There are 2 protein chains.
Amino acid sequence: MAYTPSGKTREKIYDFVRERILSGIPPTTRDVQRAFGFRAVQSARQHLEKLVSEGKLAKVDGRSRGYRLPEFGKARPPQLIAMLGRVQAGELTEAMEDPPEYIMVQTRFDDDELFALAVEGESMLHAGILPGDIVIVRRQATASPGDIVVALVGDEATVKRYRERDGRVELHPENEAFSPIIPREDGAPFSLLGKVIEVRRSVE
Amino acid sequence: MAYTPSGKTREKIYDFVRERILSGIPPTTRDVQRAFGFRAVQSARQHLEKLVSEGKLAKVDGRSRGYRLPEFGKARPPQLIAMLGRVQAGELTEAMEDPPEYIMVQTRFDDDELFALAVEGESMLHAGILPGDIVIVRRQATASPGDIVVALVGDEATVKRYRERDGRVELHPENEAFSPIIPREDGAPFSLLGKVIEVRRSVE
DNA sequence: CCATAAAACAGACATTTGTCTGTTATGTCA
DNA sequence: TGACATAACAGACAAATGTCTGTTTTATGG
């Protein structure tokens with residue numbers, strides 16, 4: 001490879017490695033060698049080690065594909081959670097779309113206690129939750145007053161704010177056009193699916 | 001390792017591999033072997049290959065750490081983008097927090113044309129954007145009417161809806177308590193930083 | 001209980017990959 | 001221009017890792 005000014009190639013190598021790591025798998029030394037047309041492995045290695053000593057990359061010695069992004073060390077690992085869909089026999093089931101949709105999140109919870117859901121109504125408009133928004137939910141059977149929760153009322157999953165009045169559970173919308181749901185009183189079967197921990201909206 | 005009923009161990013292996021892939025680096029055959037106490041590499045390999053033929057895992061043959069999640073193939077690769085903060089001399093600069101904050105997103109855009117920003121005011125309340133929300137922004141100098149944009153007005157970055165009236169640009173809040181910003185008219189320096197493509201809110 | 005499939009084991013080989021020592025060529029800067 | 005640092009090259013070794021053939025043990029279903 002042609003000789004390049006100090007640090008120039010290294011920057012490109014950093015970009016390359018970063019890209020690869022984010023795409024899922026760190027490159028090997030020889031991946032870098034080939035990608036940059038080096039005729040010696042050492043050329044790639046030298047740059048990589050320098051990037052490590054500069055703190056721009058982290059590394060696990062001796063292991064294959066041992067290069068990491070330093071940020072990743074501190075950050076919580078990403079989790080892939082399933083988008084749930086239609087309600088079926090009192091249970092939310094995986095959406096029937098052919099390619100099962102997954103969403104990447106980073107939380108302190110286990111990914112098997114999380115699921116995602118597309119919001120349908122406008123009942124939580126004033127809480128900043130719009131139709132089409134994706135809510136990330138942590139499964140739990142209880143909630144504290146003020147929590148935004150997902151509950152199964154009859155056959156439908158709804159997002160509401162959890163309240164208690166006189167020791168009874170109430171599910172409040174945040175939109176004057178809708179009425180609170182007071183379980184037991186109107187005889188509707190009721191079960192708490194979980195608590196909303198994140199809201200996402202794509203506005204492309 | 002003790003003999004286990006059909007498919008039992010395989011499930012655990014799948015969970016293990018999945019976990020490792022999401023944490024950043026796929027395991028090696030021998031990683032799996034050790035993790036499950038197999039006394040032969042082949043035991044691990046057999047399970048892994050089976051998972052591949054079942055379609056639960058994908059694989060790049062011959063390469064080290066070649067196991068992938070099939071979803072990843074179709075999905076867009078995750079990107080790490082920087083959280084920007086304070087406004088300085090007309091430019092948004094990286095937030096000064098000690099560990100630079102990054103957010104993981106998946107878009108069709110290049111990560112170097114994206115940045116993230118914490119929303120401060122309440123001016124976009126009715127658009128479902130609350131104080132504290134994180135907006136993901138794509139850098140662009142122009143916008144279409146109806147877009148939600150981030151603009152630098154004076155020394156402050158604001159989120160507003162982009163409108164045009166009589167050929168002039170207007171930045172509209174979505175909250176009656178705030179007034180539209182009409183650049184040029186009131187002489188405020190104005191520059192469009194980009195368009196909001198995603199909104200996120202953590203509600204733990 | 002038997003036949004069959006699945007799980008686990010044994011041991012080995014080949015490739016990939018990390019690492020090393022030393023050399024040559026090109027930038028950098030006074 | 002000359003001294004020095006950096007970039008790139010050469011060739012090799014060793015460890016990590018993927019892969020293979022064959023055998024033994026246990027689960028499974030009639």
Side-chain angles (χ1 to χ4, degrees), chain A residues 1-21 23-70 73, chain B residues 1-21 23-70 73:
Chain A
M1 187 200 188
Y3 282 58
T4 57
S6 186
K8 215 70 181 176
T9 299
R10 183 140 55 244
E11 272 181 50
K12 284 180 188 159
I13 290 184
Y14 171 71
D15 289 341
F16 173 81
V17 174
R18 180 194 172 88
E19 178 74 24
R20 292 284 297 265
I21 293 179
S23 301
I25 299 89
T28 63
T29 322
R30 281 171 180 83
D31 282 344
V32 176
Q33 181 197 348
R34 275 187 292 270
F36 285 82
F38 290 124
R39 274 183 269 187
V41 208
Q42 186 62 4
S43 304
R45 219 179 107 74
Q46 231 162 61
H47 282 295
L48 289 168
E49 290 302 323
K50 194 98 183 191
L51 284 169
V52 170
S53 70
E54 283 172 5
K56 304 193 77 176
L57 286 180
K59 187 195 176 195
V60 182
D61 286 304
R63 298 287 162 188
S64 72
R65 302 171 190 275
Y67 294 96
R68 310 290 140 93
L69 294 182
Chain B
M1 187 201 188
Y3 280 59
T4 58
S6 187
K8 215 71 181 176
T9 298
R10 183 141 53 246
E11 273 182 48
K12 283 180 190 161
I13 290 184
Y14 172 70
D15 289 342
F16 173 80
V17 174
R18 179 193 171 88
E19 178 75 24
R20 292 283 296 265
I21 294 179
S23 303
I25 298 90
T28 64
T29 322
R30 282 173 180 80
D31 281 345
V32 176
Q33 181 198 349
R34 275 187 292 270
F36 285 82
F38 290 125
R39 272 182 271 184
V41 206
Q42 185 62 5
S43 303
R45 219 180 105 75
Q46 230 162 60
H47 283 295
L48 289 169
E49 290 303 321
K50 195 99 185 189
L51 284 168
V52 170
S53 70
E54 284 173 4
K56 305 192 76 177
L57 286 181
K59 185 196 178 196
V60 181
D61 286 304
R63 298 286 162 187
S64 73
R65 303 172 189 275
Y67 294 96
R68 310 289 140 92
L69 294 182

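Letters go in sequence order (proteins before strands), and every chain restarts at 1. It should be emphasised that the depicted structure is a prediction, and the values quoted were computed from it without experimental measurement.
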Rounded distance (Å) that lies between atom [atom2] of [N] and atom [atom1] of [X]:
X	N	atom1	atom2	value
A/R65	D/dT17	CZ	C1'	11 Å
B/E11	C/dA6	CD	C1'	15 Å
B/Y67	C/dT16	OH	P	16 Å
B/R68	D/dG18	CZ	P	11 Å
B/D31	D/dT17	CG	C1'	10 Å
B/Q33	D/dT17	CD	C1'	11 Å
B/E49	C/dA7	CD	C1'	16 Å
A/D61	D/dA16	CG	C1'	14 Å

So for A/R63 and C/dG18, does any side-chain atom that can act as donor or acceptor lie under 3.5 Å from a complementary atom in the base?
no
Report each atom pair, protein N/O against N/O of nucleotides 24-30 of chain D, whose distance is under 3.5 angstrom.
unit_1: D/dT25; atom_1: O2; unit_2: B/Y3; atom_2: OH; d: 3.4

Going by the rule side-chain hydrogen bond (donor to acceptor under 3.5 Å, both in side chains), which residues pair with B/R20 if we only count those two or more places apart in sequence or in a different chain?
B/D31
In degrees rounded to 10°, what angle is found between the helical axes fit to the five outermost pairs at each end of the helix from C/dC1-D/dG30 to C/dA30-D/dT1?
50°
Show every donor-acceptor pair shorter than 3.5 Å between a side-chain atom in residues 41-48 of chain A and any protein atom, with sequence neighbours excluded, or say none if there are none.
unit_1: A/H47; atom_1: ND1; unit_2: A/R10; atom_2: NH1; d: 3.1

Among residues at least two apart in sequence or on other chains, which ones pass salt bridge (Lys or Arg N to Asp or Glu O under 4.0 Å) with B/K59?
B/E49, B/D61
Using the test salt bridge (Lys or Arg N to Asp or Glu O under 4.0 Å), find all partners of B/K50 that sit at least two apart in sequence or belong to another chain.
none
Return the 5'-most residue of the pair B/H47, B/R30 with respect to DNA chain C, ranking by each residue's nearest nucleotide.
B/H47
Which sits closer to the 5' end of DNA chain C, A/R34 or A/Q46, going by the nucleotide each is nearest to?
A/R34
Answer yes or no: does a side-chain N or O of A/S64 lie under 4.0 Å from OP1 or OP2 of D/dT17?
yes
Can you find a side chain N or O atom of A/T29 that sits less than 4.0 Å from OP1 or OP2 on C/dT17?
no
For B/K8, answer base if it contacts any base atom (sugar-phosphate contacts may also be present), sugar-phosphate if it contacts only those atoms, and nothing otherwise; contact means non-hydrogen atoms under 4.0 Å.
nothing
In residues 36-45 of chain A, which ones come under 4.0 Å of DNA chain D, going by heavy atoms?
A/F38, A/R39, A/A40, A/Q42, A/S43
By ring pair (Phe, Tyr, Trp, His ring centres under 6.0 Å) - contacts of B/F16 (at least two apart):
B/F36
